Amino acid sequence: MTTMRATQRLLAAAAGARLAYGALTRVQPGGEQTWTRTNHRGEPVTLLEGPAVTVAAAGAALAVPGLDARSRLALGLAAAGAGALGCYDDLVGGNDRHGFRGHLGALARGEVTTGAVKIAGIGAAALAAGILLDGRDSGSGPAGALSAPGQRSSALARLTDVVINTGLVAGSANLVNLFDLRPGRAIKVSLLASLALGLGGPQARAAAAAPAGAAAALLPEDLGERAMLGDSGANALGAMLGVAAASLPRRSRLVVLGAVAALTAASEKFSFTKAIARTPALNWLDMLGRRPAQAAAGPSAPAARPAPPAGSAAPGARPKGPISPDSETGSASAPAETSRPL
């Protein structure tokens, strides 16, 4: 039954993502320019893929049974919170601060950036999800079995689990966003993570089904460079995968959290794009389904950032870090390539 529910949740999220994307691209809330950005080829793409993925994944997680009420609410809350804050940064944020150090450093100087708002907001949503996950019935299966059957965990053990789960949700939201630098990359990472989590048991498999379905449904739009997840979609997918990872045993959760933290720290110093390009297997997977790299217009990235096409961005809106020409080409002058806001 659990496997059937997971399949239903996956299909519901996939159908919802296609419907939501179609509706949003027809309506274009706020006008087309509000959602249009310039990608690494200097071509216009829409950010509406992100809200469509967020709405569909959260809706499927909440509507399709098969998980306990607290788990479903945690999935919906994590997706809605991370997606909304990511959308806020997509539409309002500047491109002059990058990474935790950049935003927290600006905050220490009295400057509140959109990235700092997102760090605090996603952290709060992750904490709320972590508390919800802690309150599940301990008899619901491995996800809630934090102590011996029929017993409540000690206060210290429960606090430890809330901290771990909060870190998983917030850290995963940021990590998936770090991979959203090339067409399809963040979705491929999300799908691989969903498959890995599915091996962790029926609870994790059921929780990962909604983000996997929504992401897979819009992969063609992403690979075709017609749309991109943006912070909205990437943060939402990552947050939901973090909730799914919270279903694992404590030791496994600590391993996953350590890996998330290590990759996040590495992103402050090294370029994921360059590392992937140097690794044949990863480069093959990264290029699978994408337009050939040589199809990019123009020679190597210029030292100065070219202006976006006329009408490609709303007045006052900026080309977001990962889709600006410098960061997409891996130019050494682009800090956004190695450091992204949460």
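All figures in this text were calculated on a predicted structure; none of them were measured in a lab.
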**Study point:** Pairing of R290 and D286 as salt bridge, 4.0 angstrom limit
**Key:** yes
**Study point:** Closest approach of G200 to L248 (non-hydrogen atoms, all atoms of both residues)
**Key:** CA-CD2, 3.8 Å
Check your understanding: To the nearest 0.5 Å, what is the distance between CG (L282) and CE (M287)?
Key -> 13.5 Å
Review point. Roughly how far apart are D180 CG and N235 CG, rounded to 0.5 Å?
Key: 9.5 Å
Exercise for review: Step by step, work out the side chain to side chain contact (heavy atoms under 4.5 Å, CB included) result for N165 and D134.
Suggested key: CA-CA 9 Å; N165 294 343; D134 173 67; 5.6 Å; no
Check your understanding: Any side-chain heavy atom of V169 sitting closer than 4.5 Å to one from M240?
Key -> no
Review point. Does one hydrophobic cluster hold both V243 and V163, with members joined at side-chain heavy-atom distances below 4.5 Å?
Key: no
Exercise for review: Check whether any side-chain N or O of E268 sits under 3.5 Å from a backbone N or O of A265 as a donor-acceptor pair, and report yes or no.
Suggested key: no
**Study point:** R72 vs V64, side chain to side chain contact (heavy atoms under 4.5 Å, CB included): CA-CA, chis, key distance, verdict
**Key:** CA-CA 9 Å; R72 287 156 61 188; V64 180; over 6 Å; no
Revision key, fill the gap. Residues passing the side chain to side chain contact (heavy atoms under 4.5 Å, CB included) test with V260, sequence neighbours excluded, are S172, L175, V256, T264
Check your understanding: Can you tell me how far the CZ atom of R278 sits from the OG1 atom of T273, to the nearest 0.5 Å?
Key -> 10.5 Å
Point to revise | Contacts of E225 that satisfy side chain to side chain contact (heavy atoms under 4.5 Å, CB included) - sequence neighbours left out | key: N39, H40, R41, E43, P183, R291
Practice item. Treating Ile, Leu, Val, Met, Phe, Trp and Tyr as nodes and any side-chain heavy-atom pair under 4.5 angstrom as an edge, say whether L288 and L192 lie in one connected cluster. Key: yes
Check your understanding: Can you check whether R37 reaches P44 side chain to side chain, under 4.5 Å on heavy atoms?
Key -> no
Check your understanding: Given L229 and D222, is the side chain to side chain contact (heavy atoms under 4.5 Å, CB included) satisfied, shown in steps?
Key -> CA-CA 8 Å; L229 286 171; D222 209 307; 3.9 Å; yes
Point to revise | Reported CZ-to-OG distance for the pair R205 and S247, which is rounded to 0.5 angstrom | key: 11.0 Å
**Study point:** Smallest separation among heavy atoms of L48 and P29, with atom names
**Key:** CD2-CD, 4.4 Å
Point to revise | pair F179-S190: side-chain heavy atoms closer than 4.5 Å | key: no
Exercise for review: Would you confirm whether D90, through its side chain, and D231, through its main-chain N or O, come within 3.5 Å as a donor-acceptor pair?
Suggested key: yes
Review point. If you take all heavy atoms of A173 and I122, which pair is closest and at what distance?
Key: CB-CG2, 4.2 Å
Review point. Would a 4.5 Å heavy-atom cut-off, applied to side chains only, mark L24 and W35 as touching?
Key: no
Check your understanding: Is D161 salt-bridged to R253, cutoff N-O under 4.0 Å?
Key -> yes
Exercise for review: Measure the shortest side-chain to side-chain distance between L241 and S194 over non-hydrogen atoms and say whether it is less than 4.5 angstrom.
Suggested key: yes
Check your understanding: What closest approach, in Å, do G130 and T166 show between heavy atoms, and which atom pair accounts for it?
Key -> CA-OG1, 4.2 Å
Review point. Where do V53 and L218 land on the side chain to side chain contact (heavy atoms under 4.5 Å, CB included) test, with the steps shown first?
Key: CA-CA 8 Å; V53 163; L218 291 180; 3.6 Å; yes
Point to revise | For the student: nearest non-hydrogen atoms of L237 and P211, plus distance | key: CD2-O, 3.4 Å
Point to revise | Distance in Å, I164 CD1 paired with R251 CZ, rounded so as to fall on 0.5 Å steps | key: 12.0 Å
Throw together a table of side-chain donor-acceptor distances under 3.5 angstrom for residues 10-23, partners on residues two or more places apart or in other chains.
{"residue": "R18", "atom": "NH1", "partner": "A217", "partner atom": "O", "Å": "3.1"}
{"residue": "R18", "atom": "NH1", "partner": "E221", "partner atom": "OE2", "Å": "3.4"}
{"residue": "R18", "atom": "NH2", "partner": "E221", "partner atom": "OE2", "Å": "3.3"}

Review point. In Å and rounded to the nearest 0.5 Å, what is the CG to OG distance from L181 to S271?
Key: 7.5 Å
Review point. Which atom pair, heavy atoms only, marks the closest approach of A206 to A6?
Key: CA-CB, 3.9 Å
Exercise for review: Please check if V117 and V92 belong to a single hydrophobic cluster, counting links between Ile, Leu, Val, Met, Phe, Trp and Tyr side chain heavy atoms closer than 4.5 Å.
Suggested key: yes
Check your understanding: Below 4.5 Å, heavy atoms only, C-beta onward: do L223 and K188 meet side chain to side chain?
Key -> yes
Point to revise | Main-chain N/O of L156 paired to T160 side chain as donor or acceptor, under 3.5 Å | key: yes
Check your understanding: Is R9 reaching over with its side chain to a backbone N or O of L62, donor-acceptor style, under 3.5 angstrom?
Key -> no
Practice item. Spell out, yes or no, whether L285 and I187 are grouped together once hydrophobic residues are joined by side-chain heavy atoms under 4.5 Å, including indirect joins. Key: no
Review point. Given the rule that I, L, V, M, F, W and Y join up when any side-chain heavy atoms are under 4.5 Å apart, are M228 and I276 in one cluster?
Key: no
